[in-house]
Amino acid sequence: MAGDRVLVTAASGKSAMQSVRRLAERGANVRAFVRREEARAALIEAGAREVVVGDLLDKASLSHALQGIDSVLHICPPMHPQEDQIANDLISASCAAGVRHYVMWSVLHPHAHVPHHQRKQKAEGVLIDSGLDYTILQPGRYMQHLETVWSSLLKTGIHAFPFSTTAPFSLVHLDDLATAAATVLTEPGHKGAIYELAGPQVLTQEDCAAIISRELGRSIRAERIDIQLSAERARANGLPDWRVETLRIMNEHYDHHGLAGNGNVLQWLLGRPSKSFADYVRELMASQS
Ligand SMILES: NC(=O)c1ccc[n+]([C@@H]2O[C@H](COP(=O)([O-])OP(=O)(O)OC[C@H]3O[C@@H](n4cnc5c(N)ncnc54)[C@H](OP(=O)(O)O)[C@@H]3O)[C@@H](O)[C@H]2O)c1
């Protein structure tokens with residue numbers, strides 16, 4: 001509820017930082033859990049009242065961070081190889097600390113045969129069986145991935161990711177997800193729920209390229225990057241082997257199935273239409289001009 005003391009994990013990350021902003025706007029008393037002291041100033045600026053420094057892999061850090069906490073928003077570092085261990089430890093520490101509401105930032109289709117989805121599925125199971133009051137949020141692929149390829153797209157005229165140009169995705173705006181997280185934590189009626197948080201349209205890379213072409217007023221075409229080549233580039237850029245391999249398996253899955261869901265629940269939680277991909281492209285263009 002508004003005024004509750006909420007612990008947000010991995011708080012210097014992009015999903016958590018935006019969630020802290022939206023929670024603070026709604027009057028939540030946010031304690032941000034970060035790994036590096038240098039992250040403190042940005043979180044205070046985002047509206048956190050307290051920042052605790054610790055490591056999600058250290059049980060003593062978890063118990064310390066949970067003292068006096070009413071609710072938890074657990075956002076795990078992406079593709080973390082010990083995500084299920086972190087979840088187990090944080091859930092037991094939350095039970096011991098008397099947490100009243102535990103919100104887990106999971107993923108759309110946790111059953112998918114992708115290692116980090118399956119670790120989230122296990123973590124969901126542990127949470128459901130824990131006896132804690134919970135809400136599970138299952139976000140789709142963020143629209144914000146476009147930002148990572150934007151400068152190359154502008155240079156080459158190509159919208160390129162390592163999966164089929166016809167694979168379907170319910171791309172979702174990160175700020176809508178953060179707003180939904182703040183809603184379930186500050187308003188009553190969301191305990192025991194599992195919410196699929198997908199964007200308003202199902203889009204392929206080809207659809208995205210067409211929308212970007214309209215917004216930019218120039219032709220952009222979609223292209224599938226070879227998955228092995230993409231993995232080699234990621235390794236050359238210094239990504240650890242486990243992460244390269246997880247990304248490769250994820251891209252193979254996306255290549256065949258995409259990641260599409262249904263956007264109704266998100267719109268209901270927001271009480272307004274969720275942001276479209278065209279809205280996001282316009283925001284990105286405005287932010288870069
Ligand atoms: N991207 C998508 O499309 C998508 C879709 C659905 C779900 N998700 C899920 O969203 C979640 C958040 O992703 P994100 O992209 O927002 O994350 P992110 O920006 O990469 O941030 C991850 C954060 O985790 C922190 N961290 C790493 N190891 C830690 C540790 N041992 N102890 C404490 N903190 C640690 C990092 O801290 P430092 O600043 O110190 O490095 C960083 O701030 C992930 O679980 C991901 O699977 C993502």
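For this chain, numbers begin at 1 and follow the sequence in order. Numbering of ligands and ligand atoms starts at 1, following listing order.
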Of all the non-hydrogen atoms in the protein, which one sits nearest to atom 28 (N) of ligand 1, and at what distance? R35 NH1, 3.3 Å
Quick check on contacts: which atoms of ligand 1 are under 4.0 angstrom from a heavy atom of D55? 30 (C), 31 (N), 32 (N)
Considering only protein heavy atoms, which is closest to atom 22 (C) of ligand 1, and at what distance to one decimal place? P78 CD, 3.6 Å
Note: R5-E50 ion pair, threshold 4.0 Å (strictly below): yes
Please list, in number order, the atoms of ligand 1 under 4.0 Å from a heavy atom of K120. 44 (C), 45 (O), 46 (C), 47 (O)
A student checking ligand 1 against S12 at a 4.0 Å heavy-atom cut-off should list atoms 37 (O), 38 (P), 39 (O), 42 (C), 43 (O)
Do R141 and F161 meet the cation-pi criteria used here (NZ or CZ under 6.0 Å from the six-membered ring centre, within 45° of the axis)? yes
Check each atom of ligand 1 against the heavy atoms of R141 and keep those under 4.0 Å away; list them by number with element. 3 (O)
Looking only at protein heavy atoms, which one is nearest to atom 19 (O) of ligand 1, and how far off is it? K14 N, 2.9 Å
Would you mind telling me if ligand 1 is within reach of the side chain of H145, the backbone, both or neither, using heavy atoms under 4.0 Å? side chain
Would you say the side chains of T9 and H74 form a donor-acceptor pair under 3.5 Å? yes
Which ligand 1 atoms does R36 reach within 4.0 Å, using its non-hydrogen atoms? 38 (P), 39 (O), 40 (O)
Hey, is CD on E283 packed in by over 12 heavy atoms from elsewhere, all under 6.0 Å? yes
When you look for heavy atoms under 4.0 Å from ligand 1, do you find them on the side chain of S106, its backbone, both, or neither? backbone
When you measure from atom 11 (C) of ligand 1 to every protein heavy atom, which one gives the shortest distance, and what is it? C76 O, 3.5 Å
Starting from atom 6 (C) of ligand 1, locate the nearest protein heavy atom and write down its residue, its atom name and how far away it is, to 0.1 Å. P139 O, 3.3 Å
Using 30° and 60° as the class boundaries, would you call the ring planes of H190 and Y195 parallel, tilted or perpendicular? perpendicular
Say whether F33, considering both its backbone and side-chain N or O atoms, lies within less than 3.5 Å of an N or O atom on ligand 1. no
Chi angles and distances behind the side chain to side chain donor-acceptor pair (under 3.5 Å) call for H111, Q121: CA-CA 6 Å; H111 67 275; Q121 187 179 39; 5.5 Å; no
Any donor-acceptor pair under 3.5 Å linking the side chain of S61 with the backbone of D55? yes
Would you mind running through ligand 1 and noting each atom that sits below 4.0 Å from a heavy atom of S15? 12 (C), 13 (O), 14 (P), 16 (O)
Examine the proximity of ligand 1 to E83 and report which part, side chain or backbone, both or neither, has a heavy atom under 4.0 Å away. neither
Gap between atom OH of Y134 and atom CE of M104 - 0.5 Å precision: 12.0 Å
Please work out, at 4.0 Å between heavy atoms, whether the side chain, the backbone, both, or neither of L56 comes within that distance of ligand 1. both
Side-chain donor-acceptor contact under 3.5 Å, T179 with D176: no
Protein heavy-atom partner closest to atom 25 (C) of ligand 1 - residue, atom, separation in Å: A10 CB, 4.0 Å
H173-Y142 aromatic ring centre distance below 6.0 Å: no
Positive for salt bridge (Lys or Arg N to Asp or Glu O under 4.0 Å) with D84, one of R119, K122, K120: K122
Under 30°, 30 to 60°, or over 60°: which ring-plane class applies to F169 and F163, parallel, tilted or perpendicular? tilted
Any nitrogen or oxygen of A11, main chain or side chain, under 3.5 Å from a nitrogen or oxygen of ligand 1? no
Looking at atom 26 (N) of ligand 1, what's its closest protein heavy atom, distance included? P77 CG, 3.5 Å
By number and element, which atoms of ligand 1 are closer than 4.0 Å to a non-hydrogen atom of I75? 11 (C), 12 (C)
Using a strict cut-off of 4.0 Å, indicate which atoms of ligand 1 neighbour a heavy atom of W105. 9 (C), 10 (O), 11 (C)
